[in-house]
Amino acid sequence: MKLTYLSAILLLASPLVQANGLDLNLSKTMPAIEKFYLDLHQSPELSYHEQETGNKIADKLTQLGFKVTSNVGGFGVVGIYKNGNGPTVMIRTDTDGLPIIEQTGKSYASKVKVIDEHGAKVGVMHGCGHDIHMSSFIGTAEQLIVHKDQWKGTLMMVAQPAEEVGGGAKAMLGEGLFSKYEKPDHIIALHVSASVPAGKISMKNEYTMASVDSVDITIKGKGGHGAYPHTTIDPVIIAARTVLALQTITSRELSPLEPSVITVGSIHGGSKHNVISDEVKLQLTLRSYNPNVRSAQIAAIKRITAGIAQSAGLNESNYPVVYVHEDESIPSTYNNPAQTDIVRNSIASAIGDTNVLETQAVMAGEDFGLYGRTDENIPITLFWLGGVNQAQYADSIKTGEVLPSLHSSKFAPDYKVAIPTGIKAMSNAAVALFNK
């Protein structure tokens, strides 16, 4: 039978095909994993509210024979399985959903609505694919236990809450993840991709995701009547000058070889047409890879805002207040090159060289990077799991139509292909690290 390129890819991703790595009989296990996925998809929980999701993960790991601890760093779960002497490999998944009303039109779409912390009624959706992550995570744990004769060491499964708000990894580490449980020798994770076709994996060495900082700037002035601007110091004018000046940090102060993003996402000030207000508030997001660039961004923001305020005639006591939300800050994700090469080669052996792609770094952030920034200096690797339906991907290439992105209300990964691919990739990567 002659196979087209598309049908060949789909055949490779099918759970009926045996990998060159572990002999995974996914045809028997996938129905239960798919059922688990559909349940997770239809019952998402917001960050810091993942109690039932955590319970489901804990139950699955307990059934597989793990020693399980729940409610770590919130509703996080740690599962430990000791299988003789050897390294400790940690596999991490994230568990929280997003405040999005799902509009995929799928029969299994989430219909969950909750009241958020602001008292508003919001929809909840796994718009970032964490349900794919958790399903691959449990499928991987299952396969590693079935094939425990292929590896020796300690398997550490970590289901982390509150990734979407940058708090979950900090909370779990703060509760002694690497001291109360196990100190990993290797840490790996996957993230579903909205731009890679299902059945494929993509990754890169070194920086793969950006650091993220949220910054608030309160610009002060001297309010008054809009008809008498000469008697005021207008914070709206100062804010406008500031927004433009901040753009010169990336374009004129930092090396063009160092990626940097400074985005003003929100500006609020004033109350009426003819009133000059006393203050304007700006909200910024900062992105970079190099920690030195992050420090330079923040220092420049403080210097520029103070300088513009001074030039407007404000005294020092009324200079802008620059507040960096350090509790929400996350570092860039740096894939250890030596470990990532092992992961890449093991996945290529399992699903085929042509299905493992090199990707570019992105300016999105992930608190997974924190696990590699502790005093233990543990190597980490995050790889991308293709999630786009093959036919939809081919159509987008042909027509140029933009695919729904992560965090889109219309993001609907092809779970029947993505999940078995994720299980194959993660299981084989873990065994390779155990046996390296």
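Every value quoted in this text rests on a predicted model; they were computed, and no experiment measured them.
- Panel note: side chain Asp414, backbone Ala198; no donor-acceptor pair is recorded below 3.5 Å.
- Judged by distance alone, the side chain of Tyr393 and the main-chain N or O of Leu403 form no donor-acceptor pair under 3.5 Å.
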Exercise for the section: Begin from the C-alpha positions of Val356 and Ser202 and carry the test side-chain contact (heavy atoms from CB on, under 4.5 Å) through to its verdict. Expected result: CA-CA 6 Å; Val356 180; Ser202 67; over 6 Å; no
Handout entry: Verdict with supporting geometry, Ile347 and Asn428, side-chain contact (heavy atoms from CB on, under 4.5 Å)
Key = CA-CA 6 Å; Ile347 294 174; Asn428 281 278; 5.6 Å; no
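- Counting non-hydrogen atoms of neighbouring residues, nucleotides and ligands closer than 6.0 angstrom, the CD atom of Gln360 reaches no more than 12 such neighbours.
- With hydrogens and angles disregarded, a donor-acceptor distance shorter than 3.5 Å links the side chain of Asn335 to the backbone of Leu382.
- Between His126 and His130, the angle of the ring planes lies from 30° to 60°, which puts this pair in the tilted group.
- In terms of heavy-atom proximity, Pro161 sits nearest to Ala159 at CD-O, 3.8 Å.
- Crowding of Glu326 atom CD: a count of heavy atoms from other residues, nucleotides or ligands under 6.0 Å exceeding 12.
- Paired with Leu246 under the rule side chain to side chain contact (heavy atoms under 4.5 Å, CB included), one option of Leu244, Thr248, Thr242, Val243 passes, and it is Thr242.
- To the nearest 0.5 Å, atoms NZ (Lys281) and NE2 (His268) are separated by 10.5 Å.
- Taken from CG in Asn336 to CD1 in Ile380, the straight-line distance is 8.5 Å, to the nearest 0.5 Å.
- Side-chain atoms of His49 and Ser47 include no donor-acceptor pair closer than 3.5 Å.
- Ring planes of Phe434 and Trp151: parallel class, angle under 30° (limits at 30 and 60°).
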Exercise for the section: Would you sort out whether Lys56 and Glu50 count as a salt bridge (Lys or Arg N to Asp or Glu O under 4.0 Å), showing the intermediate values? Expected result: CA-CA 10 Å; Lys56 292 170 185 177; Glu50 314 92 335; over 6 Å; no
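- Judged by distance alone, the side chain of Glu45 and the main-chain N or O of Glu52 form a donor-acceptor pair under 3.5 Å.
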Exercise for the section: Determine, step by step, whether Val77 and Val158 satisfy the side-chain contact (heavy atoms from CB on, under 4.5 Å) criterion, reporting the C-alpha distance in whole Å, the side-chain angles of both residues, the deciding distance to 0.1 Å, and the verdict. Expected result: CA-CA 6 Å; Val77 178; Val158 174; over 6 Å; no
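- Two residues are said to be in side-chain contact when any heavy atoms from C-beta on lie closer than 4.5 Å; Val431 and His147 fail this criterion.
- No donor-acceptor distance shorter than 3.5 angstrom exists from the side chain of Gln392 to the backbone of Gln390, with no hydrogens or angles considered.
- Of all heavy-atom pairs spanning Met172 and Gly76, the tightest one is CE-CA, 4.0 Å.
- Atom NZ of Lys67 is surrounded by 12 or fewer heavy atoms from other residues, nucleotides or ligands within 6.0 Å.
- Separation of the His41 and Tyr37 ring centroids falls under the 6.0 Å cut-off.
- The pair Glu175-Lys170 does not meet the salt-bridge criterion, since no charged nitrogen lies less than 4.0 angstrom from a carboxylate oxygen.
- With a 6.0 Å radius and a threshold of 12 heavy atoms from other residues, nucleotides or ligands, Asp149 has its CG atom above the threshold.
- No side-chain N or O of Asp216 forms a donor-acceptor pair with one of Ser214 less than 3.5 Å apart.
- The side-chain heavy atoms of Thr154 and Asn83, taken from C-beta on, include no pair separated by under 4.5 Å.
- Between the side chain of Ser329 and the main chain of His325, a donor-acceptor pair closer than 3.5 Å is present.
- Counting heavy atoms from C-beta outward, Leu24 and Lys424 have side chains that approach closer than 4.5 Å.
- A donor-acceptor pair is defined here as one N or O able to donate and one able to accept, closer than 3.5 Å; no such pair exists between the side chain of Asn71 and the backbone of Phe75.
- Put simply, the side chain of Cys128 reaches to within 4.5 Å of the side chain of Leu98, judged on heavy atoms.
- Side-chain contact between His133 and Val192: present, with at least one pair of heavy atoms (C-beta onward) separated by less than 4.5 Å.
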Handout entry: Full working for side-chain contact (heavy atoms from CB on, under 4.5 Å) between Gln339 and Leu433
Key = CA-CA 8 Å; Gln339 176 175 289; Leu433 293 173; 3.8 Å; yes
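- Shown here for Ala430 and Ile91, the closest heavy-atom pair between the two residues is CB-CD1, 4.1 Å.
- To the nearest 0.5 Å, atoms CG (Leu190) and CE (Met426) are separated by 4.0 Å.
- The pair Glu366-Arg92 meets the salt-bridge criterion, since a charged nitrogen lies less than 4.0 angstrom from a carboxylate oxygen.
- Between the side chain of Ser135 and the main chain of Ile132, no donor-acceptor pair closer than 3.5 Å is present.
- Side-chain contact, Asp94 with Gln160: no donor N or O sits under 3.5 Å from an acceptor N or O.
- For Thr381 and Thr340, the side-chain atoms include at least one donor-acceptor pair closer than 3.5 Å.
- Residues Ile219 and Ile217 are in side-chain contact: their nearest non-hydrogen atoms beyond the backbone lie under 4.5 Å apart.
- To the nearest 0.5 angstrom, Lys416 atom NZ is 4.0 Å from Glu34 atom CD.
- For the pair Lys60 and Glu142, the salt-bridge criterion is not met [side-chain N within less than 4.0 Å of a carboxylate O].
- Using a 4.0 Å cut-off between a side-chain N of Lys or Arg and a carboxylate O of Asp or Glu, Asp341 and Arg344 qualify as a salt bridge.
- Checked against the 6.0 Å centroid criterion, the rings of Tyr334 and Phe368 do not qualify as a close aromatic pair.
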Practice task
Dump the intermediate steps for ring-ring contact (aromatic ring centres under 6.0 Å, His included) on Tyr415 and Tyr108, then the final yes or no.
Solution key: CA-CA 12 Å; Tyr415 71 89; Tyr108 54 85; 5.6 Å; yes
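- Annotation for Ile301 and Thr305: closest pair O-OG1, 2.8 Å, computed over non-hydrogen atoms.
- With Leu61 as reference, Ile138 is the one residue of Ile138, Val78, Thr69 to meet the side chain to side chain contact (heavy atoms under 4.5 Å, CB included) rule.
- Taken from CD1 in Ile308 to CZ in Arg303, the straight-line distance is 10.5 Å, to the nearest 0.5 Å.
- Between Ile304 and Ala245 the shortest heavy-atom distance is CG2-CB, 3.7 Å.
- Here CG of Asn292 is found 12.0 Å from OG of Ser255. Values are rounded to the nearest 0.5 Å.
- Checked for salt-bridge contact, Glu182 and Lys82 meet the test: a charged N lies under 4.0 Å from a carboxylate O.
- Residues Pro331 and Arg373 have side chains in contact (heavy-atom distance under 4.5 Å, counting atoms from C-beta outward).
- For the pair Ser211 (side chain) and Ser288 (backbone), a donor-acceptor distance under 3.5 Å is present.
- Looking at Met156 and Leu177, their side chains come closer than 4.5 Å, going by heavy atoms from C-beta outward.
- Between Ser427 and Ile423 the shortest heavy-atom distance is OG-O, 2.7 Å.
- In this structure, the side chain of Gln42 engages the main chain of Leu38 through a donor-acceptor pair within 3.5 Å.
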